[in-house]
Amino acid sequence: GRATLAPTAPDGGGAYTVARLLEAQVRDSDNSASDALLRLAGGPRAATDTLHALGLDGIRIDRDEGQTLLKFYGIGDSFPEKERTPERLSARVQASSPEDRVAAAHRSARYPRDAGSALALAELLDRLWRGELLSPASTSLLLDHLRNGWIDTRIVAGLPPGTLVWHKTGTYGEAATHDAGIAELPDGTHLIVVVLTRQPRRDTEAAEQAIAAIAREATKPPRKIVDASSETMIMFRYSPNRKATRTNQNVPMNSAAKR
């Protein structure tokens with residue numbers, strides 16, 4: 001994520017409305033906004049319990065973004081929350097060796113918690129689109145934020161120019177690159193695509209090209225999936241009356257990244 005919330009207090013903190021935090025978290029992937037909203041929701045366990053109560057069992061949240069980043073970069077737990085400014089975090093990361101950072105990233109990738117499957121994320125988007133998770137006003141607000149994401153080098157790049165896309169990207173350094181979204185196709189159908197990748201070669205550009213290639217292929221009849229290396233793509237295709245069908249394919253990333 002990136003820091004987009006300008007401090008409003010001398011100590012670098014600030015007061016923000018929930019609406020502003022939501023906008024920063026969804027549109028800009030602001031990790032500070034994410035953690036603030038998670039605290040308001042009661043913390044990781046409460047958020048996970050809510051998801052499970054809604055029938056979304058394939059997603060679990062065990063830590064906030066600050067805690068997750070400390071593990072990802074191998075910094076440990078000896079970094080007080082009040083000191084976790086972007087500048088101080090960057091300094092701590094740069095103070096560690098590249099080898100230690102790579103080893104920590106691999107350990108983090110194998111961590112069994114703080115996870116969501118591609119299928120679970122697709123089901124979340126499906127139910128959000130159908131209005132089954134939130135009130136009509138909240139659904140409209142969230143979809144509006146999803147439509148205005150700033151990263152257009154993944155799913156968006158693989159679709160025809162001008163295609164409406166409601167999506168949320170996810171990035172963890174150069175170790176993982178994801179995108180999950182709903183696209184409105186020219187024939188009036190809607191397509192949900194979720195692509196989750198790991199990058200053993202730490203090549204973000206190749207992962208983004210692979211995601212774009214998968215989205216591009218997903219729109220083509222008979223919707224054959226590119227030949228490829230290890231992750232899962234989930235597709236929900238809607239008819240104009242919003243009746244959904246699902247295709248679940250294993251999608252290797254290597255050949256897609258070369259396209």
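Computed over heavy atoms, backbone and side chain alike; hydrogens, waters and symmetry mates excluded.
Between D187 atom CG and T219 atom OG1 the span is 10.0 Å, to the nearest 0.5 Å. Remark: R27 CZ to H145 NE2 distance equals 5.5 Å, nearest 0.5 Å. Atoms CZ and CG, from R92 and L69 in turn, are 13.0 Å apart once rounded to the nearest 0.5 Å. Rounding to the nearest 0.5 Å places NE2 of H167 at 15.0 Å from NE2 of H178. Taken to the nearest 0.5 Å, the CD1 atom of I59 stands 12.0 Å off from the OG1 atom of T50. Atom CG of residue L159 and atom CG of residue L191 lie 8.0 Å apart, to the nearest 0.5 angstrom.
In terms of heavy-atom proximity, E184 sits nearest to T163 at O-CG2, 3.3 Å. Looking at every heavy atom in both residues, V193 comes nearest to A218 through CG2-CB, 4.4 Å. The minimum heavy-atom distance linking A212 with T153 is given by the pair CB-O, 4.4 Å. Closest of all the heavy-atom pairs between L56 and A120 is CD2-O, 4.4 Å. Shortest non-hydrogen contact noted between L37 and Q25 is CD1-CB, 4.0 Å. Nearest heavy-atom pair across A47 and L38 is CB-CD1, 3.8 Å.
In terms of modelled atom types and a separation under 3.5 Å, the side chain of Q67 and the main chain of D64 share a donor-acceptor contact. Counting only distance, with no hydrogens or angles, the side chain of D28 and the backbone of D30 share no donor-acceptor pair below 3.5 Å.
Residues passing the salt bridge (charged side-chain N to carboxylate O under 4.0 Å, His left out) test with D57: none are found, sequence neighbours excluded. Residues passing the side-chain hydrogen bond (donor to acceptor under 3.5 Å, both in side chains) test with S135, sequence neighbours excluded: S138.
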Evaluate L22 against L141 for side chain to side chain contact (heavy atoms under 4.5 Å, CB included), listing each step before the verdict. CA-CA 10 Å; L22 181 65; L141 176 65; 3.9 Å; yes

Audit row: R154, T177, side chain to side chain contact (heavy atoms under 4.5 Å, CB included) steps and yes/no: CA-CA 9 Å; R154 301 177 192 178; T177 301; 3.3 Å; yes

Evaluation steps, side chain to side chain contact (heavy atoms under 4.5 Å, CB included), between T68 and Y172: CA-CA 10 Å; T68 305; Y172 248 82; 2.9 Å; yes

From CA spacing to verdict: side chain to side chain contact (heavy atoms under 4.5 Å, CB included), I61, L51: CA-CA 9 Å; I61 304 167; L51 289 168; 4.2 Å; yes

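No donor-acceptor contact under 3.5 angstrom links the side chains of S34 and E65, judged on distance only. In this model, no donor atom of one side chain and acceptor atom of the other lie less than 3.5 Å apart for T139 and R127.
Between H190 and W129, the ring-plane angle classifies as tilted under the 30° and 60° cut-offs.
Using a 4.5 Å heavy-atom threshold, the side chains of F72 and L70 count as separate. For the pair L124/L133, a side-chain contact is recorded, criterion being any heavy-atom separation below 4.5 Å from C-beta on. D179 has its side chain out of reach of V156: every pair of non-hydrogen atoms, C-beta onward, lies at least 4.5 Å apart. With contacts defined as side-chain heavy-atom distances shorter than 4.5 Å, the pair V18/R20 does not qualify. Between P44 and R60, every side-chain heavy-atom pair lies at or beyond the 4.5 Å cut-off.
No option in I192, L134, I182 other than L134 meets the side-chain contact (heavy atoms from CB on, under 4.5 Å) test with L128.
In the displayed structure, R147 atom CZ is contacted under 6.0 Å by at most 12 heavy atoms of other residues, nucleotides or ligands.
The salt bridge (Lys or Arg N to Asp or Glu O under 4.0 Å) analysis of residues 40-54, with sequence neighbours excluded, yields no pairs.
By the 4.0 Å N-to-carboxylate-O rule, D35 lies too far from R39 to be salt-bridged with it.
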